[in-house]
J.: 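Attaching a single structure in structure tokens format; questions to follow.
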Number of protein chains: 2
Amino acid sequence: MQSVAATRETNAGNGLTERQGVVLEEALRLLVDGGEKALTTAGVARAANCSKESLYKWFGDRDGLLSAMIGFQASKVRTLDVAASALDAESLSRHLVVFAKDLLEVLSGDVSLALNRLAIGQASREGSKLGHMLQERGRRQIGRRAAALLEAGRKAGLLAFDDADEAYGALYGLVVSDWHLKMLLGEEAGEMKKGFGRKAEQAVSAFLTLYGKTV
Amino acid sequence: MQSVAATRETNAGNGLTERQGVVLEEALRLLVDGGEKALTTAGVARAANCSKESLYKWFGDRDGLLSAMIGFQASKVRTLDVAASALDAESLSRHLVVFAKDLLEVLSGDVSLALNRLAIGQASREGSKLGHMLQERGRRQIGRRAAALLEAGRKAGLLAFDDADEAYGALYGLVVSDWHLKMLLGEEAGEMKKGFGRKAEQAVSAFLTLYGKTV
DNA sequence: TGCGAACCGTACCGTACGGTACTGAATTGG
DNA sequence: CCAATTCAGTACCGTACGGTACGGTTCGCA
């Protein structure tokens, strides 16, 4: 990085320089590969070719680094808004299946699993600050996408529910079941990914049986 | 263990002396209170009034202690077998609701959450040995209870499903949804426990809509 | 050309943890 | 009453980590 013009925050509204983004990327790679234990300040500095002093200047302390990693990763995942096109029963079903597959893909991603493990590990102490961040910045996003989809389905007379949260909870549970926990516990994700398509279709079919208006 | 007479394993078939059981109990308390970071060998020794040397003699190393803790806790949770009584639609529903509530109670328990957090934290490295233990000794138990219940329902002509695992997956998902993850991430469990009853009934109702034979 | 800011690389410090070794007390069996 | 075993308590060692300080270098800027 050189002249301040080029160093200026190029990374959305994060207040992060691109150099810092590169460092966070490297830190995420370390976390994914070796878990929290591998995420040492010296290790990050070595991997990213920066000095520990810079790390502390940019992120304050180790916890600040962790928070920045979660915020950084969340900022990269933009949930595309559903084009509120006219829905019929068939297109709603297709949209739901796509959503279900995306959900499974996101939850089984390397970085997602690593960050969830990190936040869960820190949940006992420290008031679960990271847990709230992950919940807010991650789940809320995909939850909004689902809520919009469900609401559109209801507006189109294709779905019937009183409580949108309850309906979303059912959809989430049918799609994810205990797969997420199994993956967090270390079950090989590679073997399970093949079943995502079938699982998504089954879950959506069941969800429509519960909440669909069409017979 | 020495003269084998006085020190004999009094704790089921675990090969554990009762003294060792007390130590593990204390270790679990430390883990629940302060997370993995609080579970130091010196801390356990101090809390349990034993020497570090004894800890290493009994459990080998720190990982052995962790494994022993999981095995010890699992050995205390005995899943009562369902009395294969004659089922009608109403009693099946009641049994399912009880199962759902028990499931939520177990998953939201202090020790369960702490051990799951511990195993998840260790999942990245070490081939997730603890994760498999937890999966095998914990989930398998309650899964068997559910499988027996579902099978009884099918035998009685009250449930219709081809794949028992799939049906159980749906039941689990409808009951638990994302509550488990939220609690693992540090969401206050106290506030949520009030909703367990309603949640269980809703989930069972939905499950019977999907897999019940009675109209 | 000289100044200052940012930064890399490394050395350093205090601490805390896992694991081992030793000592003295208690208990047991003969 | 004595010898043997176990164990608590403590001291100790090596290591690794979080955090800080410093020398040297690059680069923009005047």
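Labels below follow one simple rule: chain letters A, B, ... track the order of the sequence lines, proteins then strands, and each chain is numbered from 1. Fair warning: this is a prediction, and the values are worked out from it, not measured in the lab.
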J.: When you check the gap from the basic side-chain N to the acidic O, do A/Lys182 and A/Glu188 get nearer than 4.0 Å?
T.: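 Salt bridge absent between A/Lys182 and A/Glu188.
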
J.: Considering residues at least two apart in sequence or located in another chain, which fulfil the salt bridge (charged side-chain N to carboxylate O under 4.0 Å, His left out) criterion with B/Glu166?
T.: none

J.: Between C/dG19 atom P and B/Leu66 atom CG, what is the distance in whole Å?
T.: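 Roughly 10 Å, once rounded to whole Å.
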
J.: Any residue in residues 49-56 of chain A with a heavy atom nearer than 4.0 angstrom to DNA chain C? Just list them by number, or reply none.
T.: A/Asn49, A/Cys50, A/Ser51, A/Glu53, A/Ser54

J.: Please tell me which of the listed nucleotides, C/dG18, D/dC7, D/dG19, lies nearest to the side chain of B/Thr40?
T.: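 That would be C/dG18.
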
J.: In whole Å, what is the span from the NZ atom of B/Lys57 to the P atom of D/dA8?
T.: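 Taking NZ of B/Lys57 and P of D/dA8, I get 10 Å after rounding.
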
J.: Any ion pair linking B/Lys129 and B/Asp63 (charged N to carboxylate O, less than 4.0 Å)?
T.: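 So B/Asp63 does not pair with B/Lys129 through a salt bridge.
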
J.: May I ask you to verify if any side-chain N or O of A/Trp58 is less than 4.0 angstrom from the OP1 or OP2 atom of C/dC7?
T.: yes

J.: Please round to the nearest 0.5 Å and tell me the distance separating atom CD1 of B/Ile120 and atom CG of B/Leu184.
T.: 5.0 Å

J.: Does a salt bridge link B/Arg29 with B/Glu26, judged by any charged N lying under 4.0 Å from a carboxylate O?
T.: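 Salt bridge between B/Arg29 and B/Glu26, a charged N being under 4.0 Å from a carboxylate O: yes.
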
J.: Hey, is A/Arg198 close enough to A/Glu201 for a salt bridge, meaning N to O under 4.0 Å?
T.: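 No, A/Arg198 and A/Glu201 are not salt-bridged.
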
J.: Roughly how many Å is it from CZ in B/Arg19 to P in D/dT5, rounded to a whole number?
T.: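 So the CZ-P distance, B/Arg19 to D/dT5, works out to 21 Å.
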
J.: Nearest whole Å is fine: how far is C/dA16 P from B/Lys37 NZ?
T.: 10 Å

J.: Figure out the CZ/P separation between B/Arg46 and C/dG18, and round it to whole Å.
T.: 11 Å

J.: Quickly work out the A/Arg62 CZ to D/dT20 P distance and round it to whole Å.
T.: 15 Å

J.: Rounding to an integer number of Å, can you tell me how far A/Phe59 CZ sits from D/dT20 P?
T.: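 Atom CZ in A/Phe59 sits about 15 Å away from atom P in D/dT20.
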
J.: Rounded to whole Å, how long is the line connecting atom CD of B/Glu18 with atom C1' of D/dT6?
T.: 16 Å

